[in-house]
Protein chains: 2
Amino acid sequence: MAQLSDNIEQFIKELMREDAHIELRRNELAHHFGCAPSQINYVLATRFSVDHGYIIESRRGGGGYVRIVRMSTRDEPNFLDTLLNRVGNSVDEETANAIISNLNERKMITGREAALMRSAISRNALALPISAKDVLRAAVFKNMLIQAFKNLEEDERDDV
Amino acid sequence: MAQLSDNIEQFIKELMREDAHIELRRNELAHHFGCAPSQINYVLATRFSVDHGYIIESRRGGGGYVRIVRMSTRDEPNFLDTLLNRVGNSVDEETANAIISNLNERKMITGREAALMRSAISRNALALPISAKDVLRAAVFKNMLIQAFKNLEEDERDDV
DNA sequence: GTATATAATAGTCAAAGATGGTCAATGGGA
DNA sequence: TCCCATTGACCATCTTTGACTATTATATAC
């Protein structure tokens, strides 16, 4: 007997034949297959993970949803996965910056975006003897704000 | 599925396309959408807060009203400074996201950049009882990478 | 005219409703 | 036996509602 998970996987992939991204209701889908809602999470985790070339987004509460996005593979397949593995559990600033530059050169991110990313991971943003999550977030966020404004200035200079 | 709250938000923003401030009757609007009047307050609180760049004024009693005013940056020569002060040493995700949305609405950052910023400060990216700076950076960076790829997908969708 | 009652608004807040997420225990087939 | 699959209890998040409260204008009483 075909596994329930396989059926759900096929069902979803069928839905994605046309569009590279779909949105669905977890509970609805679970009901359709007569299974526990968490089963859907299992399928997503095991068959639609990043290394399978998908990205999952979701939202809870009324009007909640689960969105599945299929990544383009026109470049090297699973490029994102490769990068994520490269980063692993630990990465230094230099390595990260190199990756950012690479993405920029490939025109996958704009110069502005690259700058934003660098600002978010800079020593300056992440140092500190942090303990509270909010405190850390504030630091990261401040740096990003500053960079966003620098970008603005640059745009203005270019535009004018 | 478009949420009631989202619909109300869009409705209000449509009304504000021309004018920087509008006045409305809470009960009337609630009736228009067939919802509880307090629903309007919810929308205002979650989508038209000061951090979102709006100011709400109101008056009760006969002839009462709710006025929504879009703040102008022209009145804020030091907008960046204002935001930095607002963030301070600690900021929660909700507030930060509101500010990001505000910057995006003002066209100071693109939608892609806003998404990047959100990903960098999300709970997901910053949780953990971190100790090593590199570990934390890896988490933040991973999230940003994922977001960058999502953006790529979205661009393709728009272009094609 | 002033005080008081009534009507017309809007605000607050906590509870209920609507979703989705996580994780550990259990099931079942190769 | 081992590993993938499945479930269910419990958690997190976002939305919607309703009861109760606060404020203001207007009508009424004196």
Side-chain angles (χ1 to χ4, degrees), chain A residues 1-12 22-52 54-69 133-134, chain B residues 1-12 22-52 54-69 92-98 101 118 121-129 143 146:
Chain A
M1 163 192 175
Q3 292 285 290
L4 171 56
S5 289
D6 294 334
N7 291 337
I8 297 175
E9 176 189 3
Q10 287 317 308
F11 183 82
I12 293 176
I22 60 169
E23 229 170 69
L24 49 84
R25 302 302 195 92
R26 188 183 75 150
N27 287 345
E28 210 173 80
L29 190 55
H31 186 261
H32 178 70
F33 282 96
C35 65
S38 56
Q39 178 69 32
I40 305 303
N41 295 81
Y42 176 75
V43 173
L44 294 178
T46 57
R47 279 110 159 135
F48 294 89
S49 61
V50 168
D51 64 331
H52 283 92
Y54 296 88
I55 294 174
I56 307 297
E57 293 174 63
S58 69
R59 185 169 182 179
R60 308 182 189 190
Y65 61 82
V66 173
R67 178 181 303 155
I68 307 174
V69 182
K133 172 169 45 174
D134 281 358
Chain B
M1 179 153 307
Q3 283 305 109
L4 172 57
S5 289
D6 295 333
N7 292 337
I8 297 174
E9 175 189 2
Q10 288 316 308
F11 183 81
I12 292 175
I22 60 170
E23 230 169 68
L24 49 83
R25 302 302 194 90
R26 188 183 75 150
N27 287 345
E28 209 173 82
L29 190 56
H31 187 261
H32 178 70
F33 282 97
C35 65
S38 56
Q39 179 71 33
I40 306 302
N41 295 81
Y42 175 75
V43 173
L44 295 178
T46 57
R47 281 115 157 128
F48 294 89
S49 69
V50 170
D51 292 316
H52 281 98
Y54 297 88
I55 292 174
I56 306 297
E57 295 167 18
S58 67
R59 187 165 183 178
R60 309 183 189 191
Y65 61 82
V66 173
R67 178 183 302 154
I68 306 174
V69 183
D92 59 46
E93 191 171 352
E94 198 184 349
T95 301
N97 280 335
S101 297
R118 288 200 193 89
I121 60 164
S122 77
R123 261 180 290 271
N124 198 350
L126 300 173
L128 317 180
N143 259 55
I146 289 173

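Chain naming here is simple, since letters A, B, ... match the order of the sequence lines and numbering starts at 1 in each. The basis for the numbers below is simple: all heavy atoms, side chains too, and nothing from hydrogens, waters or symmetry mates.
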Chemist: Mind checking the CD1-CG spacing from B:I8 to B:L44? Nearest 0.5 Å is all I need.
Modeler: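 One gets 9.0 Å once the value is rounded to the nearest 0.5 Å.
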Chemist: Roughly how many Å is it from CD1 in A:I56 to P in C:dT22, rounded to a whole number?
Modeler: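 That distance rounds to 12 Å.
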Chemist: Using whole Å, report how far CG of A:L44 lies from P of D:dT6.
Modeler: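 Answer to the nearest Å: 13 Å.
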Chemist: Just wondering, more than 12 heavy atoms not from B:E23 lying within 6.0 Å of its CD?
Modeler: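 More than 12 within 6.0 Å, yes.
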Chemist: Would you say A:H52 has more than 12 foreign heavy atoms packed within less than 6.0 Å of its NE2?
Modeler: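 Result for NE2/A:H52: enclosed.
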Chemist: A:I8 CD1 to D:dT7 C1': how many Å, rounded?
Modeler: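 Going from A:I8 (CD1) to D:dT7 (C1'), I get 12 Å.
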Chemist: Shorter than 3.5 Å, N or O on both sides, protein versus nucleotides 3-6 of chain C: list them out with atom names.
Modeler:
none

Chemist: Any side-chain donor-acceptor pair under 3.5 Å between A:Q39 and A:S5?
Modeler: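 Looking only at side-chain atoms, A:S5 and A:Q39 do form a donor-acceptor pair, the distance falling under 3.5 Å.
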Chemist: Give the ring-plane orientation class for A:F11 versus A:H32, where under 30° counts as parallel, over 60° as perpendicular and anything between as tilted.
Modeler: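 Taking A:H32 first and then A:F11, their aromatic rings sit tilted (interplane angle of 30° to 60°).
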Chemist: Hey, does A:N41 have a side-chain heavy atom less than 4.5 Å from the side chain of A:R26?
Modeler: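 SC-SC contact between A:R26 and A:N41 confirmed.
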Chemist: Please name the pair of heavy atoms, one in B:S101 and one in B:R118, separated by the smallest distance, quoted to 0.1 Å.
Modeler: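 Heavy-atom minimum between the residues: OG-NH2, 3.1 Å.
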Chemist: Quick one, B:N7 with B:Q10, criterion side-chain contact (heavy atoms from CB on, under 4.5 Å). Give me CA distance, side-chain angles, the key distance, then yes/no.
Modeler: CA-CA 5 Å; B:N7 292 337; B:Q10 288 316 308; 5.8 Å; no
Chemist: Where along residues 22-32 of chain B does a heavy atom fall under 4.0 Å from DNA chain C?
Modeler: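 By residue number: B:R25, B:R26, B:N27.
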Chemist: Do A:F48 and A:E9 come within less than 4.5 Å of each other through their side chains, counting heavy atoms only?
Modeler: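 Yes, side chains in contact.
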Chemist: Under the criterion side-chain contact (heavy atoms from CB on, under 4.5 Å), I'd like the reasoning laid out for A:V66 against A:I40: C-alpha separation, chi angles, the key distance, then a yes or no.
Modeler: CA-CA 10 Å; A:V66 173; A:I40 305 303; 5.9 Å; no
Chemist: Could you encode protein contacts along nucleotides 9-17 of chain D as a string, one character per nucleotide from 5' to 3', using B for base contact, S for sugar-phosphate-only contact and - for no contact, with a heavy-atom cut-off of under 4.0 Å?
Modeler: ---BBBBBB
